[in-house]
Structures are given as structure tokens and as C-alpha cells.
There are 2 protein chains.
Amino acid sequence: MARPQDPRAKIELLKAAEAVFVEHGLERARVEEITTRAGRSKGSFYLHFSSKEEAFRQIVETLVARLGSFVDEPPPPGPVDLEVLLRRQLERSIETFEFLWMNRGVVGLLMSGGGSAEFGYLIVELEQQYRQMIERWLRWGMAQGIYRNDMDADLISLALAGAYDSLARRVVKETKRPDLRGMLLEMERFVAHAVGTPEYIAQFDSMVNNLERKRNS
Amino acid sequence: MARPQDPRAKIELLKAAEAVFVEHGLERARVEEITTRAGRSKGSFYLHFSSKEEAFRQIVETLVARLGSFVDEPPPPGPVDLEVLLRRQLERSIETFEFLWMNRGVVGLLMSGGGSAEFGYLIVELEQQYRQMIERWLRWGMAQGIYRNDMDADLISLALAGAYDSLARRVVKETKRPDLRGMLLEMERFVAHAVGTPEYIAQFDSMVNNLERKRNS
DNA sequence: CGGATAAATGACTCAGCAGTCAAGAATGGC
DNA sequence: GCCATTCTTGACTGCTGAGTCATTTATCCG
């Protein structure tokens, strides 16, 4: 063997590719611009990816897979400490949005369809995953008696998923890191009122007070 | 003058263009496919549009303008008949979704970003318009004392707009016309619980009962 | 009917760009 | 130092498809 390949090559190409894809979208992105930005020749691109689309797929699939790992299932039915649960949910949603924020370039691209119809299914499936997770939480809360029982869980889960979706869209367009915790706490409040029984809503408010008291000490 | 131009030409081209754009998106759509479907020559396209993009713009701008006409402002502050208002809002939202349904091809295309970044701003602006309308309704309801006063109107309007947005996305993908009235009534219920005071929620439920009683007679 | 005028056609031009590959550069082993 | 080997390069090929325009076709009018 001779001339070992530059180990930074692929990483640098992926980084440059991400930037160019975010800037122009998949179709308009030119391979030559990617390689130029990575300080390499055009041919080097094809040493690591069989096509422009494959590079895109690698970037996007990695991201989507990691986003999928943020779904959080409801506990089995039965008595639970709601305050612990609320804190966990809030933290989990903050983590998720922090991740979205850190990857706002590609996420924004995907959310605005920059990845051509060929890859649109990835977001659609992801959104569906989140919607289904929300639906399971709803059914869980209805069974627990803390959520209203007269809801169409399918439709309401769609509405809630859409609410978070639009928040994600906004966050991802921001130039300065927004107050994610503040936003997401307000969203929890919104959800609690939208789907909770009057008793749960009262409990929710006191739990939030507790949470904030502990936090400020 | 001689040889008057075929008056159906432009209309047929637009119809064909719409179909091809919906099928492939703006970038992947081929002018020749459009003209073939319209049963005309490639050159005829350029007698009516200066470019592929212009045809797309005509289709999309018309649609977006008409969608913009569905925004409905809250009344001036003061006493109102909430039941009349509720009925009006429900009917207006049904009209809107009926329109989305009828134009589901292009709407779906736009919502999934098929119109390239160049035209994405049209949807973004439209969504913003709807969000702002919702925000004005929220502030109106808060001033009227029928909505909770502890809400971040900006954030909650974003959430509600997102909820309707995701419903629109679903409707537009459907193959059979869904029960729009049923869905939208459930959405009204969702909104009432999410943002209403306990008193308003109670009133809302009785108004809905009235509405449904009258409807079934 | 036949000349004038304007619409319609589709073969052609040309630019852009993905992907290739022969030539050249770098490295390891001896 | 020199050869074998593998990596790297970028000029080149080929294709796709937008937009053009000389030619053909249809209509009007005297």
C-alpha cells in the first residue's frame, strides 16, 4: 500500500455539502461548489459518495435518525408522580428543541422542502412518529382520567403535533438562540389547558409553581 | 389582422402546467410535458409565458391571493352574540378548508415545498397572515374576558396556526373528501378549551349543543 | 382567389452540470 | 533513490432541457 487517504476528506466534504445544501437546496446545489469549499477537487467527491443524492441522504438520514430517538413513550397505566413526569417531559422537549436549534440549517431546509420530493417522505414519517407518540400520550392521559374524555385523539394529536411543528419552524429560522425553556413551558401550559380536565389544570398550575420555585433556588 | 389566436390555448396550458407542476414540482417539471398534455407545441408555451417560472408564478399567486381573502377579522370590542360569532367562524373555516380541498393539488405542492425556495416566501407570508389574524382574535377574546389572560398571544397564535396548518396538510393529502365540518367543529372545541376561561368553555359547550340541535331540524 | 398578417410549430442552439478517467502526485517499502 | 501502489486531480464527455426562430399554417379582407 502507498499514499494513505486523507482521513479528514470525507468529514470536510460532508461539512461543506451540508452548507451548500442548506444554501441552495438539493437540486440547485453544485458538486463543484461543495468540493471548492472543502478545498478539494471535484473528483474527490466521488471517492466518498456515489452521487450528489447519496451525500444528501447521508446527511439527512443521520439527522432524522437522531431526531427519531427523541420520542418518549408514556409510562404504563397506573399511579404516577405527575410532577416528575411533567419535569421529565419538559426536559425532554427542551433537549429536542436544543437539538433542532443546533441543526437548524438542515432542519430548516427539510421543513421547507428543500430536499426535493424524493426525500420529503423522511420528514413526513418523522412528523407521523411524533404525532403517534402524542396520540399515545393522549390516550394514556385519558385512561388516567387527567385528560378530557370527549376528544378525538387522532385529530387532537394532529393539532398538537402541528403546534409543536410550527414552533420548530420558527425556532429554526431564528438567528439568536431563543428562550427555549420559556417557550416550551408555555407550550406545556397550552397543552394542559387544551386537553386536561379542570382538576388536572389546577394541579398543573401548582406543579409549575413548584417547578419554578425549585428552579430559582 | 389574421389568424386569431386560439382563446382556449392559455387556459389549457395553465391546466396542464398545474397538473405537471403538482406531479413533479417546479424544477423537475418539463415544459415539453406541459405542452404535450395540452396538445400543443413547445413553442406555444412561450407565446403565453416568458418562462416556466412565470407560469408557475401565475398559478401560485392566483391561489395564494384567493386564500388570503379568507382571513376574517374580529369585531370591534364590545358586547356580541357569541353564538352568531361561533357559527360564522365555523362556516368561514369550512369554506376555507373546502377551498383547500378543491385546490389540494397545488396547495399540497406548496406545503411540501415543491415550488423551490424561490416561491416558498408565498406560503410563509400566507401562514404569517393567518397567524396574525389568530393573534388578533386572541387579543380580542382576552380583552372581552372570554379567553384566559395569562397567555403569550404571540406564541399561542403560532401554536394554533400550526394546529390548523397540520390539519390542512392532512386534508390536502386525502383521496376522499373528509368530513370537514366534523373536523373543524372538533378544532373549535380544541381551541375553546385551549384558550377559553372556564366560564367561556361552559358557554361554548351549550352553544355547540344549540348549533347542532338547530342543524338537525 | 390571393396577398397580407399574425399564430403556431418543432428542430435547433446552447448553457449548465453530473459524473468519468487518464495523467500526475504522494507515500511506503526495500 | 527508486519502484509499486494508491490517492488525487481537473479537463473532458454526455445528457438534459430551457428557450429561440425560420418555416409553415390559418385566417382575414379586398
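Within every chain, numbering begins at 1; the chains are lettered A, B, ... in the order of the sequence lines, protein sequences first and strands thereafter.
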Next item on the list: Evaluate the side-chain proximity of B:L90 to B:L211: yes if any heavy-atom separation is below 4.5 Å, no if none is.
Entry: yes
Given atom [atom1] of [X] and atom [atom2] of [N], what is their separation to the nearest angstrom?
X	N	atom1	atom2	value
A:R40	D:dC7	CZ	C1'	11 Å
B:E12	C:dA8	CD	C1'	14 Å
A:H24	C:dG16	NE2	P	15 Å
A:I34	C:dG19	CD1	C1'	13 Å
A:D6	D:dC7	CG	P	12 Å

Margin query: Can you tell me which nucleotide in D:dT9, C:dT9, D:dT27 comes closest to the side chain of B:P4?
Written below: D:dT27
Margin query: Strictly by side-chain hydrogen bond (donor to acceptor under 3.5 Å, both in side chains), give each pair with a member in residues 166-175 of chain B just once, sequence neighbours left out.
Written below: A:D154-B:R170, B:D165-B:R169
Item checked: SB check B:R37 B:E32 (cutoff 4.0 Å) -> no
Next item on the list: Summarise protein proximity over nucleotides 13-26 of chain D in one line of letters, 5' to 3': B for base, S for sugar-phosphate only, - for none, counting protein heavy atoms closer than 4.0 Å.
Entry: ----SBBB----BB
Classify the angle between the aromatic ring planes of [X] and [Y] as parallel (below 30°), tilted (30 to 60°) or perpendicular (above 60°).
X	Y	value
B:W140	B:W137	perpendicular
B:Y147	B:Y200	perpendicular
B:F190	A:F190	perpendicular

